[in-house]
2 protein chains.
Amino acid sequence: MRPLFHPEIAEVPLEAILHALSDPARVTLFVDIVGRECSQNCSTLQAVLEKPIAKSTLSQHFKVLREAGLIRSERRGVEMLNTARCAEVEARYPGLLAAIVKAHSIQRQAEAEKTSRPAGS
Amino acid sequence: MRPLFHPEIAEVPLEAILHALSDPARVTLFVDIVGRECSQNCSTLQAVLEKPIAKSTLSQHFKVLREAGLIRSERRGVEMLNTARCAEVEARYPGLLAAIVKAHSIQRQAEAEKTSRPAGS
DNA sequence: TTCTTTGTTCAAAATTTCCGAACTTTTGAA
DNA sequence: TTCAAAAGTTCGGAAATTTTGAACAAAGAA
């Protein structure tokens with residue numbers, strides 16, 4: 001298996017970062033990774049998604065996050081441990097990831113309130 | 001011609017905003033609109049793009065920005081005047097647009113320096 | 001009216017994404 | 001060792017999205 005490619009943040013276009021996080025599944029996975037103490041493998045992380053997706057699609061999503069410089073994936077035995085590269089991205093694009101993670105949280109909160117109060121109350 | 005649709009920011013998923021700005025042409029157009037005092041029509045704004053694109057593609061790009069709640073387009077005679085909806089987006093997702101606009105500026109700056117100093121100097 | 005300018009819509013081509021099947025790598029059990 | 005299971009990757013075709021030229025619509029000027 002070819003070694004995984006991890007670009008320097010300086011090599012990653014801003015558009016690639018935004019594209020990586022413009023997918024519902026990917027931004028959810030990334031925010032979850034950011035919020036964890038310990039790195040987790042891909043299959044475990046899939047559990048945070050609302051809709052189940054194919055294993056090959058999940059692999060592709062992790063590749064997109066990795067090549068956007070957002071996560072680092074290390075092989076640990078048979079699994080991959082994924083960690084966020086927040087500090088590196090922050091060094092180049094200050095405030096970017098924090099704003100997106102916060103926005104995601106705000107959206108989740110709004111959805112939760114919408115669900116608990118079905119129609120105008 | 002059907003009236004243009006402008007969603008409430010609360011109705012726009014975060015992913016739609018990120019997707020709208022994940023395209024090189026769209027983020028460039030948007031950042032340009034944000035930086036202008038006066039609203040501009042679509043054709044004029046096309047001049048800020050590096051690569052020329054088809055008129056129909058440009059129209060589609062503005063539609064994507066509009067439906068992501070990022071710009072407001074008003075018909076003024078035969079042309080469309082576009083303005084950014086920064087304040088509204090800021091109210092829901094604090095810091096998001098500022099961070100992206102700033103990141104875009106940082107990237108432009110880095111590209112400029114790279115061009116003036118071709119290979120390691 | 002007729003022409004020009006600006007932007008939209010439509011349908012087909014080009015590109016990207018998703019998924020199932022097959023494959024690789026590593027671990028652990030027999 | 002050998003075999004099987006687990007976790008991901010790769011590949012090829014199907015499905016979805018994007019791009020584009022051509023035709024169309026609307027407003028204003030001649």
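Remember, it's a predicted structure, so these values are computed and weren't measured experimentally. First the proteins, then the strands, lettered A, B, ... as listed; each starts at 1.
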- Query: Over how many whole Å does the gap from B:Glu67 atom CD to D:dT17 atom P extend?
  - Reply: 13 Å
- Taking side chain as C-beta onward, heavy atoms only, is A:Pro94 less than 4.5 Å from B:Ile106? yes
Close N/O contacts between protein and nucleotides 28-30 of chain C (under 3.5 Å):
none

- Task: Taking the side chain as every heavy atom from C-beta outward, state whether A:Leu96 and B:Lys102 have any atom pair closer than 4.5 Å.
- Result: no
- Please give, in whole Å, the distance from C:dG7 C1' to B:Leu29 CG? 14 Å
- Query: Using a heavy-atom distance cut-off of less than 4.0 Å, which residues of residues 48-64 of chain A contact DNA chain D?
  - Reply: A:Lys55, A:Ser56, A:Ser59
- With respect to the phosphate group of D:dT9, does any side-chain polar atom (N or O) of A:Arg66 fall under 4.0 Å of OP1 or OP2? yes
- Message: Quick check: is B:Val48 connected to B:Met80 through a chain of hydrophobic side chains (ILVMFWY, heavy atoms under 4.5 Å apart)?
- Response: no
- Without swapping roles, check the side chain of A:Arg85 against the backbone of A:Ala87 for a donor-acceptor pair under 3.5 Å. no
- Starting at the 5' end of DNA chain C and moving along, which residue's nearest nucleotide shows up first, A:Arg76 or B:Ser43? B:Ser43
- Item | Gap between atoms CG and P, on B:Asn41 and D:dA27 respectively (whole Å) | 16 Å
- Message: Looking only at the side chain of B:Asp23 (C-beta and beyond, no hydrogens), which of the listed nucleotides D:dT19, D:dT18, D:dG8 gets closest?
- Response: D:dT19
Which donor-acceptor pairs under 3.5 Å do the side chains of residues 5-21 of chain A make with protein atoms, sequence neighbours left out?
from	atom 1	to	atom 2	distance (Å)
A:His6	NE2	A:Ser73	N	2.9
A:Glu15	OE1	B:Gln107	NE2	3.1

- A:Leu4 has an atom CG; how far is it from atom P of C:dT24, in whole Å? 17 Å
- Using the rule that two of Ile, Leu, Val, Met, Phe, Trp, Tyr join whenever any of their side-chain heavy atoms come within less than 4.5 Å, decide whether B:Ile71 and B:Val64 are in one cluster. no
- Query: To the nearest 0.5 Å, how far apart are CG in B:Leu81 and SG in B:Cys42?
  - Reply: 9.0 Å
- Query: Does CZ belonging to B:Arg36 count more than 12 external heavy atoms closer than 6.0 Å?
  - Reply: yes
- Item | Polar side-chain atom of A:Arg76 near backbone of A:Val78 as donor-acceptor pair, under 3.5 Å | no
- The complete set of side chain to side chain donor-acceptor pair (under 3.5 Å) pairs with one or both residues in residues 39-54 of chain B, sequence neighbours excluded, reads B:Asn41-B:Thr44, B:Asn41-B:Glu79
- Note on the structure: Separation of C:dT24 atom C1' from A:Glu79 atom CD, nearest Å, is 16 Å
Please list, one pair per line, the donor and acceptor atoms closer than 3.5 Å that link side chains of residues 54-62 of chain B to other protein atoms, with sequence neighbours excluded.
from	atom 1	to	atom 2	distance (Å)
B:His61	ND1	B:Arg26	NH1	3.1

- Message: Which helical stems does DNA chain C take part in, if a stem means at least 3 consecutive Watson-Crick or G-U pairs with both distances below 3.5 Å?
- Response: C:1-30 with D:1-30
- Message: From CE of B:Met80 over to C1' of C:dT5, roughly how many Å is that when rounded to an integer?
- Response: 15 Å
- Query: Please give, in whole Å, the distance from D:dG8 P to A:Glu74 CD?
  - Reply: 14 Å
- Message: I need the CZ-C1' distance between A:Arg75 and C:dT27, as an integer number of Å.
- Response: 11 Å
